[in-house]
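None of these values were measured; they are calculated from a predicted model. Quick note on labels: first sequence line is chain A, next is B, and so on, each numbered from 1.
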Amino acid sequence: MNNNSLDPVISIGTLAKKVGLSVSAIRKYEEQGLIISHRSASGHRLFSYEDIERLRTIQHLIRNLGFNIEGIRRIEAILPCWDLLPCSEEVRNNCLAFKGSTKPCWMIKDAHCTRQGNECRKCHVYRFGTLHTEGIKVLLHSTGDNNKKRKIINKALED
DNA sequence: ATTCTTACA
DNA sequence: TGTAAGAA
């Protein structure tokens with residue numbers, strides 16, 4: 001069976017070589033919420049092929065566009081996940097990702113969506129986050145129309 | 001050999 | 001960002 005771009009099959013050392021980052025830098029990005037790793041049974045980080053693209057985007061933002069880690073995190077933090085998933089009014093009104101989030105939704109502990117068994121590393125909000133930086137600009141200007149927002153994300157993520 | 005966590009420059 | 005320690 002073919003593995004898809006989200007399957008966790010790459011060790012941190014291999015990933016570091018592929019993208020030209022140090023292992024410690026990748027761990028730092030994860031600690032700071034820029035990337036999510038899967039863990040093997042033995043606790044070792046495993047990454048996907050899509051994560052390679054994600055790290056390349058992060059590198060571009062930092063090296064060429066003048067962002068730092070916190071700057072990227074703040075951009076991610078304002079993605080309107082409540083409209084994109086979407087979740088009910090009752091749910092969002094009790095969710096820290098909607099109320100006062102200074103962190104990306106995938107860093108929020110006990111969010112409703114993650115309690116339902118969803119993995120953030122597979123979620124469209126997370127995947128869109130640093131894979132499509134131009135799309136974020138478009139997304140944030142498309143206020144009001146949630147269907148339009150979802151279309152933007154789905155189009156950006158289709159293979 | 002490789003990666004883990006924690007701590008520190 | 002990188003390095004170091006001790007454990008797995």
Problem set entry | Steps toward salt bridge (Lys or Arg N to Asp or Glu O under 4.0 Å) verdict (A:Glu76, A:Arg73) | CA-CA 5 Å; A:Glu76 311 268 32; A:Arg73 188 174 58 241; over 6 Å; no

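- A straight line from CG of A:Leu46 to P of B:dT2 spans 16 Å, rounded to a whole angstrom.
- When each of B:dT3, C:dT1, B:dT5 is scored by its nearest atom to the side-chain atoms of A:Ser11, the top-ranked nucleotide is B:dT3.
- Judged by a 6.0 Å distance limit and a 45° cone about the ring axis, A:Arg74 is not positioned over the six-membered ring of A:Phe67.
- Atom CD of A:Glu31 and atom C1' of C:dT1 are 12 Å apart (whole Å).
- The only option from A:Lys151, A:Lys148, A:Lys149, A:Arg150 that meets the salt bridge (charged side-chain N to carboxylate O under 4.0 Å, His left out) definition with A:Asp83 turns out to be A:Lys149.
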Between protein and nucleotides 3-5 of chain C, what N or O pairs are separated by less than 3.5 Å?
none

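- The distance from atom CG of A:Leu55 to atom C1' of C:dT1 is 15 Å, rounded to the nearest whole Å.
- A salt bridge does not link A:Glu30 to A:Arg27: none of the charged nitrogens lies less than 4.0 Å from a carboxylate oxygen.
- If you take CD of A:Glu30 and C1' of B:dT5, they are 12 Å apart, rounded to a whole angstrom.
- Distance A:Phe47 CZ to B:dT2 C1': 14 Å, rounded to the nearest Å.
- Remark on DNA chain C: of its neighbouring residues A:Gln59 and A:His44, the 5'-side contact belongs to A:Gln59, judged by nearest-heavy-atom nucleotide.
- At distances below 3.5 Å, not a single donor-acceptor pair connects side-chain atoms of A:Arg45 with backbone N or O atoms of A:Ser37.
- Protein atom NE2 of A:His38 is 16 Å distant from nucleotide atom P of B:dT3, rounded to whole Å.
- Residues passing the side chain to side chain contact (heavy atoms under 4.5 Å, CB included) test with A:Lys17, sequence neighbours excluded: none.
- The side chain of A:Arg39 approaches B:dC4 more closely than any other nucleotide in the set C:dG2, B:dC4, C:dT1.
- Toward the 5′ end of DNA chain B lies the nearest nucleotide of A:Arg45, the other residue of the pair A:Lys28 and A:Arg45 mapping further downstream.
- Counting any heavy atom pair closer than 4.0 Å across all strands shown, A:Leu21 reaches sugar-phosphate atoms only and no base atom.
- When the side chains of ILVMFWY residues are joined at heavy-atom separations under 4.5 Å, either directly or via intervening members, A:Ile10 and A:Leu34 end up in a single hydrophobic cluster.
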